[in-house]
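A short worksheet on the structure shown next.
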Amino acid sequence: MKDIIVQKFGGTSVADIEKINHVADVIIKEKENGHDVVVVVSAMGHTTDHLVKLAKSINANPSERELDMLLSTGECVSMSLLTMAIQAKGYKAISYNAAQIGIITENVHTKARIIDIKTDKLRKSLDEGNIIVIAGFQGVTTEGEITTLGRGGSDTSAVAIASALDAQRCDIYTDVEGVYTTDPRIVPNASRLEQISYEEMLELAHAGANVLHPRSVETAKQYKMPLRVRSTFKYDNKGTLILGVEDMEINKPVAGVAADLSQVRIVVCDIPDTPGEAATLFGALAKENISVDMIIQSYARKVSNTNDIAFTINQEDLPKTLEMLELINKELKAGDISYDDNIAKISIIGAGMIDRPGIASTMFQTLADNNINIRMISTSEIKISCLINKEDAQKALKALHDVFNLGCDEIAEVKGTLPDV
Ligand code: ASP
Ligand code: MG
């Protein structure tokens with residue numbers, strides 16, 4: 001059996017017919033290199049955004065099942081067009097949607113997780129000499145319901161399929177040349193990373209670097225699937241290889257800096273200081289599938305015997321969260337509940353900061369030198385995040401990128417726009 005390469009092409013890579021034809025050439029080149037090729041494709045250009053808009057213009061709060069029915073069509077269009085393009089160039093190719101293969105997800109709409117991928121059909125189809133093109137972003141439940149994996153989820157489809165097929169590598173083709181030390185649109189001397197570990201990439205992705213869907217990196221890490229982020233349009237370039245930290249040589253404490261502008265901070269004041277309150281609060285959010293990022297609980301006030309809990313969520317979950325908080329407040333008996341969306345989360349990330357003291361203080365000092373106020377702080381082994389005011393985000397990003405020596409000498413030519421998520 002030949003080695004399998006899984007290639008994923010994002011929306012900007014298949015935005016029009018000319019680009020689809022170019023992508024077909026990239027795929028054929030890999031096939032000609034002697035590999036079996038399985039392709040995962042996103043919807044063309046801004047199709048998904050357009051579909052979401054259409055849905056919302058009909059119903060401000062569309063049912064999630066119907067949203068999935070609608071959004072999953074975008075990838076079906078691109079997969080069949082791409083397959084036709086490959087066939088027109090004289091190669092055997094076939095497209096499959098998630099239900100045809102059996103990309104089984106949990107029974108959750110708009111952000112389902114993949115639980116299993118059947119490979120029989122894929123293997124048979126490869127044996128018959130086909131290049132396979134699969135619709136990303138979608139799945140099917142065991143009851144046959146169509147689901148989607150969350151915005152940007154085709155990356156996760158690709159990595160999960162690569163892992164299920166035990167592929168040699170999963171190449172994520174996009175319109176940037178790899179993973180950068182930070183967003184090159186904001187910091188022009190941002191440099192492309194040759195390599196980055198799964199752990200760092202995961203933190204970068206969660207911190208707001210929109211290059212890869214975080215769950216795709218988690219899956220890659222779990223199955224030790226080497227990932228390469230590379231440019232569709234300059235495909236001789238090496239891109240960035242993402243691999244296990246044990247396979248890397250780390251020479252800088254910080255690998256990258258990221259800003260996440262999509263969070264909202266919620267503050268629940270005066271929660272009685274008794275066991276189980278945080279569990280009630282976050283249990284309720286978890287039940288609604290709302291992910292919480294930073295959490296801070298204040299010291300209990302002696303007189304009132306209450307404390308405050310502040311946490312951040314994604315903007316899109318705000319209405320659901322407020323609704324939920326209102327409901328459970330009967331049980332919580334908290335005081336004021338407020339939110340603030342004028343915030344940005346700035347993070348520095350690097351496996352090299354383990355056992356290297358002084359990194360956090362350098363970060364805080366740099367923000368202070370730039371007169372930037374820190375509103376919340378959270379840390380992990382390889383990441384330090386600060387919540388700051390939104391208007392300070394660019395300044396913070398530039399200053400931190402500088403202080404940790406992440407820039408390259410040349411000012412980047414325009415490296416494309418960051419991919420849509
Ligand atoms: N088309 C979907 C989206 O725009 C999935 C993806 O592109 O990965 O979110
Ligand atoms: Mg994407």
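Atoms within each ligand, like the ligands themselves, are counted from 1 in listed order.
The CZ atom of Arg151 sits 4.5 Å away from atom CG of Asp49, with the distance rounded to the nearest 0.5 Å.
Which parts of ligand 1 touch Gly152 is read off a 4.0 Å heavy-atom cut-off, strictly below it: atoms 3 (C), 5 (C), 6 (C), 8 (O), 9 (O). Of all atoms in ligand 1, listed by their number and element, those nearer than 4.0 Å to a heavy atom of Ser42 are 6 (C), 7 (O), 8 (O). Atom numbering of ligand 1 starts at 1 in the shown order; those under 4.0 Å from a heavy atom of Arg151 are 3 (C), 4 (O), 9 (O). Heavy-atom contacts of Thr48 reach the following atoms of ligand 1: 1 (N), 2 (C), 3 (C), 4 (O) (cutoff under 4.0 Å).
In this model, a donor atom of one side chain and an acceptor atom of the other lie less than 3.5 Å apart for Glu200 and Ser197.
Residue Gly239 comes nearest to Arg192 through the heavy atom pair O-NH1, 2.7 Å, listed as atom of the first residue, atom of the second, then distance. The shortest non-hydrogen separation linking Ser125 to Tyr96 is OG-OH, 3.1 Å. Here the closest non-hydrogen pair linking Val211 and Val179 is CG1-CG2, 4.3 Å.
Salt bridge status for Lys118 with Asp120: absent, with no side-chain N to carboxylate O gap under 4.0 Å.
Heavy-atom separations between Gly153 and ligand 1 include at least one value shorter than 4.0 Å. Contact between Glu75 and ligand 1 is present, with at least one heavy atom of the residue lying under 4.0 Å from the ligand.
The option with the heavy atom closest to atom 8 (O) of ligand 1, from among Ala135, Ser72, Ser154, Gly150, is Ser154.
Residue His213 does not touch ligand 1, judged by heavy-atom distances below 4.0 Å.
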